[in-house]
Amino acid sequence: MGLGRCFRSNSNFKMVSWSVLMRIQATLQKEMVREFLAEFMSTYVMMVFGLGSIAHMVLGGKKFGSYLSVNLAFGFGVTIGMHVAGNISGAHMNAAVTFTTCALGRMPWRKFPVYVLGQFLGSFMAAVTIYSLFYTAIIHFSGNLLTVTGPTATAGIFATYLPEHMILWRGFLDEMFITGMLQLCLFAITDKDNNPALRGTEALVVGLLIVIIGASLGMNSGYAMNPSRDLPPRFFTFIAGWGKQVFSAGDNWWWVPVVAPLLGAYLGGIIYVIFIGSSIPRKPQSLENSMVCEDHRITELPKTSPSTTSPIAPSIQPVPSLSGSMPLEQF
């Protein structure tokens, strides 16, 4: 009796476990869930490499890192992030890019909160990871005092701060301009009607774009270019012990890397669409080709069942999904 009861109990447990696993698998296969996880993981990967490189530069006394290494880490972090999720969500990793993609009709707005939530959580968890890995180095460098400004400041490992030679409105214009350049170049890299990156090299080219922007335009404002890169780690430093100064420093700088990239990316996208995209000649369909296609559709029309509402429907090609159709990262 005891063995039989135990056997039945184990069987029931296995059946319940299998049922739970099947439900989890079915949930993970849903489009929205897959895109959320893709944005979460790709942003996490990018931010771990990027924030880790800043930690090396700040905490290592420039023996283990430099400004160039930060540019390289963020750039190729974007490249790896695109390989992680580019074929699932497009690997935006950037709320400004997601906003522009939706605003220009390339992705439905209902996906915007899903993408941004995944990006924010991925960025936040990357900050938690870097803090955990470099905790002893942070405490040693700062003398057990977590500061935002000064010679032993460590908040800059996680978020951008306005340097002394800049003022707020100039920093706003700087962030807006470099994010506009980012979005304009992203459209050029992925525009199949223009001169796109070779198939399979898009991630590498976008990574190089990030390196170029950082090396040439990153000094004034830290080239956040991305609300998902700046706000979640800043919020982490607020709750981890750096205090309210992470928001008040630099004349309340914190909102600029959130708002300016949204505006800049949208303007950059609009400029590309108007001045480049709309000027690319489209090949008109000739009358001869049209007749051939029409003749082909008539003669090759497959047989349909009586329940088919439209006899032309089988010959119409399905419209490809907009989400994840092109890797638009980024950083």
Side-chain angles (χ1 to χ4, degrees), residues 43-81 93-94 122-166 171 174-175 178-179 182 206-238 240-242 245-246 249-250 253-254 256-257 261 329-331:
T43 307
Y44 177 83
V45 167
M46 175 193 72
M47 290 297 292
V48 162
F49 290 144
L51 298 183
S53 68
I54 301 176
H56 274 72
M57 181 181 70
V58 173
L59 305 176
K62 296 189 177 180
K63 296 179 181 178
F64 299 98
S66 64
Y67 183 68
L68 176 60
S69 68
V70 172
N71 294 330
L72 292 172
F74 266 114
F76 290 107
V78 166
T79 295
I80 302 303
M93 298 177 275
N94 187 333
S123 185
F124 184 88
M125 290 308 300
V128 173
T129 301
I130 294 302
Y131 178 77
S132 301
L133 292 175
F134 291 91
Y135 175 76
T136 55
I138 291 173
I139 296 301
H140 175 75
F141 177 82
S142 63
N144 204 26
L145 184 63
L146 302 179
T147 57
V148 178
T149 59
T152 59
T154 49
I157 295 173
F158 301 93
T160 63
Y161 291 88
L162 201 64
E164 294 180 358
H165 69 273
M166 291 289 288
D174 188 78
E175 278 294 312
I178 58 179
T179 312
L182 170 69
V206 172
L208 290 174
L209 171 63
I210 301 302
V211 174
I212 292 170
I213 290 176
S216 61
L217 301 170
M219 183 183 77
N220 287 330
S221 63
Y223 75 111
M225 303 188 296
N226 183 355
S228 306
R229 175 263 179 271
D230 202 81
L231 186 59
R234 191 184 300 274
F235 182 72
F236 168 76
T237 56
F238 168 71
W242 277 267
Q245 195 178 2
V246 301
W253 165 257
W254 70 270
V256 174
E329 149 54 298
Q330 321 345 91
F331 166 68

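Heavy-atom basis, side chains included; hydrogens, waters and symmetry copies ignored. The structure displayed is predicted, hence computed values, not measured ones.
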Could you tell me which non-hydrogen atom of [X] sits nearest to which non-hydrogen atom of [Y], and how far apart they are?
{"X": "W253", "Y": "S221", "answer": "CH2-CB, 3.9 Å"}
{"X": "L51", "Y": "I130", "answer": "CB-CG1, 3.8 Å"}
{"X": "T79", "Y": "G207", "answer": "OG1-CA, 3.3 Å"}
{"X": "V78", "Y": "M93", "answer": "O-CE, 3.6 Å"}
{"X": "A224", "Y": "T160", "answer": "CB-CG2, 4.0 Å"}
{"X": "T179", "Y": "P261", "answer": "CG2-O, 3.3 Å"}

Cation over ring, R234 on Y161, under 6.0 Å and within 45°?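 Yes, R234 and Y161 form such a contact.
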Quick one, T147 with T152, criterion side-chain contact (heavy atoms from CB on, under 4.5 Å). Give me CA distance, side-chain angles, the key distance, then yes/no. CA-CA 7 Å; T147 57; T152 59; 3.9 Å; yes
Nearest 0.5 Å, please: how far is [atom2] in [Y] from [atom1] in [X]?
{"X": "I178", "Y": "L217", "atom1": "CD1", "atom2": "CG", "result": "6.5 Å"}
{"X": "F158", "Y": "R229", "atom1": "CZ", "atom2": "CZ", "result": "10.5 Å"}
{"X": "L146", "Y": "I139", "atom1": "CG", "atom2": "CD1", "result": "5.0 Å"}
{"X": "N226", "Y": "S123", "atom1": "CG", "atom2": "OG", "result": "7.5 Å"}
{"X": "Y131", "Y": "T237", "atom1": "OH", "atom2": "OG1", "result": "10.5 Å"}
{"X": "L182", "Y": "I212", "atom1": "CG", "atom2": "CD1", "result": "11.5 Å"}

Where does the angle between the aromatic ring planes of Y67 and Y223 fall among parallel (under 30°), tilted (30 to 60°) and perpendicular (over 60°)?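 Perpendicular, since the angle between the ring planes exceeds 60°.
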Would you call the rings of W242 and F236 parallel, tilted or perpendicular, taking 30° and 60° as the class edges?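 Geometry flag for F236 against W242: tilted rings.
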Pair S228-N94, side-chain donor/acceptor within less than 3.5 Å: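 Judged by distance alone, the side chains do not pair up.
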Within a strict 4.5 Å, meaning less than it, do heavy atoms of the [X] and [Y] side chains meet?
{"X": "L59", "Y": "I157", "answer": "yes"}
{"X": "I80", "Y": "M46", "answer": "no"}
{"X": "M125", "Y": "T43", "answer": "no"}
{"X": "M47", "Y": "P233", "answer": "yes"}
{"X": "F238", "Y": "Q245", "answer": "no"}
{"X": "H165", "Y": "M219", "answer": "yes"}

Hey, mind stepping through T129 and Y44 against side-chain hydrogen bond (donor to acceptor under 3.5 Å, both in side chains) and telling me if it holds? CA-CA 10 Å; T129 301; Y44 177 83; 2.9 Å; yes
side-chain contact (heavy atoms from CB on, under 4.5 Å) between V70 and H56, intermediate numbers included: CA-CA 9 Å; V70 172; H56 274 72; over 6 Å; no
What do you reckon, is CZ of F235 surrounded by more than 12 foreign heavy atoms closer than 6.0 Å? no
Looking only at atom types and distance, does a side-chain atom of T154 sit under 3.5 Å from a main-chain N or O of I138, one as donor and one as acceptor?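 Side chain of T154 to backbone of I138: no pair is present.
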Do the side chain of E175 and the main chain of V256 share a donor and acceptor less than 3.5 angstrom apart?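 Judged by distance alone, no pair lies under 3.5 Å.
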